[in-house]
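Read the structure below first, then the notes.
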There are 2 protein chains.
Amino acid sequence: MKEKCLKYDICPMILVQNIVSGKWKILILWYLSYNTLRFNDIKKRLPYVTQKMLTQQLRSLEKDNLIFRKVYPVVPPKVEYGLTEVGKKIIPILEMMHGFGAEYLEQGHGKEKCAEIVNSPD
Amino acid sequence: MKEKCLKYDICPMILVQNIVSGKWKILILWYLSYNTLRFNDIKKRLPYVTQKMLTQQLRSLEKDNLIFRKVYPVVPPKVEYGLTEVGKKIIPILEMMHGFGAEYLEQGHGKEKCAEIVNSPD
DNA sequence: TGCCCAGGTATCTTTTTGGGTACTATGGCA
DNA sequence: TGCCATAGTACCCAAAAAGATACCTGGGCA
């Protein structure tokens, strides 16, 4: 495996795959690429994610050093999330993904897929 | 949700996320970006994936029109997989991912993560 | 007094994923 | 005659991910 990894240089890919998989991470990073956001701001933008899942994904992204978490010691609590310097480096990838997805949609592939998402109940 | 989707234009992102998630898909696409490959060639390059899983991921990528599957009616069976025109458009994204991953590794983040992968038994 | 807010945890159940093993087809070769 | 090769399926079980629900904090306000 070690040789395979070197030979085909898949290590970086495995790493990225590892970081970026997870049902909501790409979306979270995408939102945070515009602004830092508070927990509930993110939640509002991801109507299908449960609080638990969101917390989990955020913790994982934080652990991987892609986002930071800033807690304000106030009541009620206030927590802000944003991209770290490392995280910002992923923005161009997100933009390309967005471009690809948009083109893919235009060409009619995966229309039903998005329709599913868009037309599901609030 | 429809308005949210339009407002933040997340649809393409959800789509890409959908296509690209799945434990092995990015890696499979990465390999196929060099050559078309036979089933067992892919399997050899992904020592941890079981036959069932690989079949599953390939079917899913085929359904999303990113790869084609060409069956030669010979015995023993011969099946080739390769990127479609749509699939080829994702190559630049894969290359950026690779670049990001490599840089991330160089900076020491996620060293342990890759170490895990590389040092696990064959 | 009791309820609200935001941003969580804790616990339980369900669903989805993944792994293991066995089985298939068919022509060629010993 | 029996065995090999490749690219799968079928079936069952284990593990992981996701969902539902309840609970916590502590200051402000009715």
Side-chain angles (χ1 to χ4, degrees), chain A residues 1 14 17-29 31-32 35-64 67-82 113 116-117 120-122, chain B residues 1 10 14 17-29 31-32 35-64 67-83 113 116-117 120-122:
Chain A
M1 181 66 187
I14 294 179
Q17 205 275 339
N18 216 286
I19 290 171
V20 133
S21 71
K23 224 171 170 175
W24 306 101
K25 289 189 188 171
I26 292 180
L27 254 32
I28 294 171
L29 292 171
Y31 284 133
L32 292 181
N35 295 302
T36 63
L37 288 174
R38 295 180 61 177
F39 186 86
N40 271 353
D41 294 330
I42 303 176
K43 199 163 172 325
K44 271 177 218 149
R45 285 165 172 75
L46 297 172
Y48 296 125
V49 75
T50 58
Q51 191 155 22
K52 191 184 77 168
M53 283 310 304
L54 182 52
T55 303
Q56 234 175 61
Q57 303 273 300
L58 288 168
R59 290 289 185 283
S60 170
L61 287 168
E62 193 192 355
K63 191 170 144 256
D64 287 337
I67 65 172
F68 66 82
R69 175 169 183 269
K70 185 170 179 190
V71 182
Y72 296 82
V74 295
V75 166
K78 177 177 176 184
V79 180
E80 270 185 4
Y81 293 92
K113 224 171 213 180
E116 263 175 56
I117 298 159
S120 43
D122 286 341
Chain B
M1 181 69 187
I10 57 170
I14 293 179
Q17 206 276 339
N18 217 286
I19 290 171
V20 135
S21 71
K23 221 171 172 175
W24 307 100
K25 289 189 190 172
I26 291 181
L27 254 32
I28 293 170
L29 292 171
Y31 284 133
L32 293 181
N35 296 301
T36 63
L37 289 173
R38 295 180 60 178
F39 186 85
N40 271 354
D41 294 331
I42 303 177
K43 200 163 171 325
K44 272 178 216 148
R45 286 164 172 75
L46 296 171
Y48 297 126
V49 75
T50 59
Q51 190 156 23
K52 191 183 75 169
M53 283 310 303
L54 182 53
T55 303
Q56 235 175 60
Q57 303 274 299
L58 288 168
R59 290 289 185 283
S60 170
L61 287 168
E62 193 192 354
K63 190 170 146 257
D64 287 336
I67 66 172
F68 66 82
R69 176 170 183 269
K70 184 169 180 192
V71 181
Y72 295 83
V74 296
V75 166
K78 177 178 175 182
V79 180
E80 269 185 4
Y81 292 93
L83 296 187
K113 224 171 211 178
E116 261 175 59
I117 299 159
S120 43
D122 286 340

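A, B, ... follow the sequence lines: proteins, then strands. Residue 1 opens every chain.
Put simply, the side chain of B/R45 reaches to within 4.5 Å of the side chain of B/L37, judged on heavy atoms. The closest side-chain heavy-atom distance from A/L58 to A/I42 is below 4.5 Å. No side-chain heavy atom of B/L61 sits under 4.5 Å from any side-chain heavy atom of B/Y81.
Considering only side-chain atoms of A/K23, the nucleotide from D/dA18, C/dG18, D/dA7 that sits closest is D/dA18. When each of D/dG8, C/dG8, C/dG18 is scored by its nearest atom to the side-chain atoms of A/F39, the top-ranked nucleotide is C/dG8. Nearest to the side chain of B/P76, among D/dT6, D/dC11, C/dG8, sits D/dT6. Comparing atom distances between the A/V79 side chain and each of C/dG19, C/dG8, D/dG19 picks out C/dG8 as nearest. Nearest to the side-chain atoms of B/T55 among the listed nucleotides C/dG19, D/dA20, D/dT9 stands D/dT9.
Looking at which nucleotide of DNA chain D each of A/K52 and B/P77 is closest to, the 5′-most match is held by B/P77. Residue A/Q56 is the one, among A/Q56 and A/V75, whose nearest nucleotide of DNA chain D lies closer to the 5' end (criterion: closest heavy atom).
Taking only side-chain nitrogens and oxygens, B/R69 never comes nearer than 4.0 Å to OP1 or OP2 of D/dA7. Contact check, B/Y81 against D/dG8: a side-chain N or O comes under 4.0 Å of OP1 or OP2. Residue B/R59 places at least one side-chain N or O closer than 4.0 Å to OP1 or OP2 of D/dT9.
One atom, CD of B/Q51, and another, P of C/dT21, lie 14 Å apart when rounded to the nearest Å. Atom CE in A/M53 sits about 19 Å away from atom P in C/dT11, given to the nearest Å. As a whole-Å value, the separation of B/K78 NZ from C/dG27 P is 18 Å. A/D41 has its CG atom 12 Å from the C1' atom of C/dG7, to the nearest Å. Rounded to whole Å, atom C1' of D/dA5 lies 10 Å from atom CZ of B/R38. Summarising the geometry, the separation between CD on A/E80 and P on C/dG8 is reported as 12 Å, rounded to the nearest angstrom. Distance A/K44 NZ to C/dG7 P: 9 Å, rounded to the nearest Å. As rounded to whole Å, 14 Å separates atom P of D/dG8 from atom CD of B/Q57.
No side-chain donor-acceptor contact under 3.5 Å links B/Q51 to the backbone of B/N40.
The side-chain hydrogen bond (donor to acceptor under 3.5 Å, both in side chains) check on B/E80 picks up B/Y72, with sequence neighbours excluded.
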